[in-house]
Amino acid sequence: AGGAVPIVDGVFRVTAPQYAFSDSGTLAYIPGAAGAAAPGRTLVWVDRNGKEEPIAARPNGYAFPKISPDGTRVALTITGVNNDIWTWDLVRKTLTRLTLDETSETAPIWTSDGKRVVFASDRDGTTGIYGKPADGTGEVEKLCSMRDLNLLPYSMAGDGKTMITAEFSWARFGIGMLSMEGDHARKPLLHQEKYDEVQPKISPDGQWMAYSSTESGQNEIYVCPFTGVDKGRWQASTSGGHAPLWSPDGRELFYLGTDGSVSAVAVQAKPTFSLGTPRIIFRHTNIGPSTNSGTPWDIHPDGKRFLMMKEPGTGASAGGGPRRINIVLNWFEEVKQRAPV
C-alpha cells in the first residue's frame, strides 16, 4: 500500500539478482556492483585448440551471444539496470542497440534468413517471445506469451518455420516448439515434473535435438529425434555437461563440461543414429555465465571457432576469484523496520 523501500544495495546480478531468503528470515546474497551484471566481460574467438583471439568490442555486461547465419553479426544481451538486446557488427566493428523498451529483454536468436532477431521480454507481465527486424527498423512484434508459463527462444529449425523454446514455471524447465508462421501455434515437447530439460538445439538437418537434462542428478547432454522426441534418446556426455552446440555440418556435438572443459562428440546419423565417445578438445578458465535462460557461447558458421565470453581477471569467476556470499540473520526484523505494516 506504500511506496517502494530499498532493502539491500549492491546485489550482484547475472540476468536476475543473486539472492534468496528462507522462511525463517535468513537472507543470503552475493554482493556486487549495483545495477550491473558483470562489467568488464569481453568477447573472444577460441579455435578448436583453445587459442584465443580478442574481439574489438569494448568490455561490457555481455550475455548469451548468438552469431548470425551469415557470420557477420552477433546478437547478445547487455545486462545492467535494464537488460537490452544489442548487435555487434563483426565487419564494421560497431555496437548497436536493438531494443529500446524499459522492460527487460534477453536471450536473442536469429531467424534462419538473418533478417530478424527473436528474444524474450517480460513486457506483458510474463516472459514471452518477441521479434524485431535486425536492422532496427519497424516495431517489436509479439509472437507468443502465456499467462502461467514463461517462454524463451532457443533454437531455430533450418527451414525457419519452427522455433524451439525453453518453457518454465516457478517449478521446472521444459522444452516446447513455436510455429514461426500464421498464428504462431505452440506445442509442448519435453516436460517432466521431477527434473529440468533445457538448452535445446536443433541439428542443421532438422532431424535431431540436443538438450541438457538433470534426470541423472546433474546436467547431462542428450539427443533425441526432433520429429518424434519419444522415439529414442542417446546420452552424449558422460561426466556432466551443458550448453550443447552442433557443428555446422551436423557431424559433431560440442558441450561445456562442469570442470571447465569443452568436449566434442562424433555424430553418425546414417544408416542408424550413433554417438562417439566424448573427447576434451580444450579447457577454458574464464567463461561467462551459463543459465537455463541462455548459453554463454556459439559456433561460427565456418565450424572452425567458437564465440566465448571472458570475465575480467584470470580466475573462473569475475574479478579473478570466488565471489562472497553474505548471510543476514533475522532479516525479516529489518524488513519490518524499513517497511512497517
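For clarity, every value in this text was computed on a predicted model and none was experimentally measured. Numbering of residues begins at 1 and proceeds along the displayed sequence. Hydrogens, waters and symmetry mates are skipped; everything else that's a heavy atom, side chains included, is used.
- Summarising the geometry of F332 relative to S22, their closest heavy-atom pair is CZ-O, 3.5 Å, with the distance given to 0.1 Å.
- When hydrophobic clusters are built by joining Ile, Leu, Val, Met, Phe, Trp and Tyr residues whose side-chain heavy atoms come closer than 4.5 Å, directly or via intermediates, I109 is not grouped with L307.
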Evaluate side chain to side chain contact (heavy atoms under 4.5 Å, CB included) for E52 paired with K310, printing each intermediate quantity in order. CA-CA 10 Å; E52 297 180 5; K310 291 187 67 175; 3.1 Å; yes

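- A donor-acceptor contact shorter than 3.5 Å is absent between the side chain of R279 and the backbone of A264.
- Within the 3.5 Å criterion, the main-chain N or O of S274 finds no donor-acceptor partner in the side chain of Q268.
- By the criterion of side-chain heavy atoms lying less than 4.5 angstrom apart, applied directly or through intervening Ile, Leu, Val, Met, Phe, Trp or Tyr residues, I55 is grouped together with W86 in one hydrophobic cluster.
- A salt bridge does not link D135 with K115: none of the charged nitrogens is closer than 4.0 Å to a carboxylate oxygen.
- A parallel orientation is assigned to the rings of F119 and Y130, their planes being inclined by less than 30° (bins at 30° and 60°).
- Annotation: the span from Q218 atom CD to T258 atom OG1 amounts to 6.0 Å, rounded to 0.5 Å.
- In this structure, the side chains of R116 and M180 stay at 4.5 Å or more apart for every pair of heavy atoms.
- The shortest distance between side-chain heavy atoms of V140 and K142 does not fall below 4.5 Å.
- Around the CZ atom of R251, the shell of radius 6.0 Å holds no more than 12 heavy atoms that belong to other residues, nucleotides or ligands.
- Of all non-hydrogen atoms in M156 and S112, the two that sit nearest each other are CG-OG, 3.5 Å.
- A salt bridge links R48 to E252: one of the charged nitrogens lies within less than 4.0 Å of a carboxylate oxygen.
- Between the side chain of N330 and the backbone N or O of E333, no donor-acceptor pair lies under 3.5 Å.
- The side-chain heavy atoms of S247 and F254, taken from C-beta on, include a pair separated by under 4.5 Å.
- P301 is listed as a side-chain neighbour of I67, based on a closest heavy-atom distance under 4.5 Å.
- The side chain to side chain contact (heavy atoms under 4.5 Å, CB included) with Y62 is formed by just one residue from the set L76, V74, T77; it is L76.
- Nearest heavy atom pair, residue K132 against residue G136, reads CE-O, 3.5 Å.
- With 3.5 Å as the limit, one finds no donor-acceptor pair spanning the side chains of S179 and E181.
- For I325, the CD1 atom sits in a loose shell: 12 or fewer heavy atoms of surrounding residues, nucleotides or ligands are nearer than 6.0 Å.
- Between L189 atom CG and Y211 atom OH the span is 10.5 Å, to the nearest 0.5 Å.
- When the side chains of ILVMFWY residues are joined at heavy-atom separations under 4.5 Å, either directly or via intervening members, V118 and L100 end up in two distinct hydrophobic clusters.
- In the displayed structure, Y195 atom OH is contacted under 6.0 Å by more than 12 heavy atoms of other residues, nucleotides or ligands.
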Could you go through the side chain to side chain donor-acceptor pair (under 3.5 Å) check for T103 and E105 one step at a time? CA-CA 7 Å; T103 55; E105 290 91 15; 3.3 Å; yes

Could you walk me through whether L245 and W297 satisfy the side chain to side chain contact (heavy atoms under 4.5 Å, CB included) test, starting with their C-alpha distance in whole Å, then the side-chain angles of each, then the deciding distance to 0.1 Å, before giving a yes or no? CA-CA 9 Å; L245 293 175; W297 68 327; 3.4 Å; yes

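- To the nearest 0.5 Å, atom OG of residue S155 and atom CD of residue Q199 are 12.0 Å apart.
- Here the side chain of N49 pairs no donor or acceptor atom with the backbone of K51 at under 3.5 angstrom.
- Ring centroid separation for the pair F168 and F173 comes in under the 6.0 Å cut-off.
- Distance CG/L151 to CG/L143: 10.5 Å, rounded to 0.5 Å.
- At a cut-off of 3.5 Å, with distance as the only test, no side-chain donor of D122 or T127 sits close to an acceptor on the other residue.
- Cluster partners of F273, by chain and number: W208, I221, V223, W234, W246, L253, Y255, V265, V267, L275. The rule joins Ile, Leu, Val, Met, Phe, Trp and Tyr whenever side-chain heavy atoms lie under 4.5 Å apart.
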Passes side chain to side chain contact (heavy atoms under 4.5 Å, CB included), L178 versus I129? Steps please. CA-CA 10 Å; L178 186 72; I129 296 177; 4.2 Å; yes

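- Of the charged side-chain nitrogens involved, at least one lies within less than 4.0 Å of a carboxylate oxygen, so that E215 and R233 count as a salt-bridged pair.
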Evaluate the side chain to side chain donor-acceptor pair (under 3.5 Å) criterion for residues D84 and T99: first the C-alpha distance (whole Å), next the side-chain angles of each, then the deciding distance (0.1 Å), finally the verdict. CA-CA 6 Å; D84 279 297; T99 60; 2.9 Å; yes

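- Between G128 and S145, the shortest heavy-atom distance links the atoms CA-CB, 3.9 Å.
- Distance check, rounded to the nearest 0.5 Å: CD1 of I175 to NZ of K201 gives 11.5 Å.
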Side chain to side chain contact (heavy atoms under 4.5 Å, CB included), that's the test. Do F306 and I281 meet it? Break it down for me. CA-CA 12 Å; F306 302 96; I281 57 175; 4.3 Å; yes

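- By the 4.5 Å heavy-atom criterion applied to side chains, V117 and I85 are counted as neighbours.
- For E102 and R123, the salt-bridge test fails: no basic side-chain N is under 4.0 Å from an acidic carboxylate O.
- Taking OG from S261 and CG from L256, the interatomic distance works out to 8.0 Å, rounded to the nearest 0.5 Å.
- Considering every non-hydrogen atom in both T165 and M177, the closest pair reads OG1-N, 3.9 Å.
- No path of Ile, Leu, Val, Met, Phe, Trp and Tyr side chains, each step under 4.5 Å between heavy atoms, connects I202 with W110, placing them in separate hydrophobic clusters.
- D298 places none of its side-chain heavy atoms less than 4.5 Å from the side chain of M308.
- Side-chain N or O atoms of S203 include one that pairs as donor or acceptor with a backbone N or O of Q207 at under 3.5 Å.
- Using a 4.5 Å cut-off on side-chain heavy atoms (C-beta onward), I78 and L95 make contact.
- Smallest separation of non-hydrogen atoms from M309 and P65: SD-CD, 3.9 Å.
- Of the N and O atoms on the side chains of Q235 and S237, not one donor lies less than 3.5 Å from an acceptor on the other residue.
- With salt bridges taken as basic N to acidic carboxylate O contacts below 4.0 Å, none links D89 and R73.
- Two residues are said to be in side-chain contact when any heavy atoms from C-beta on lie closer than 4.5 Å; F282 and I280 fail this criterion.
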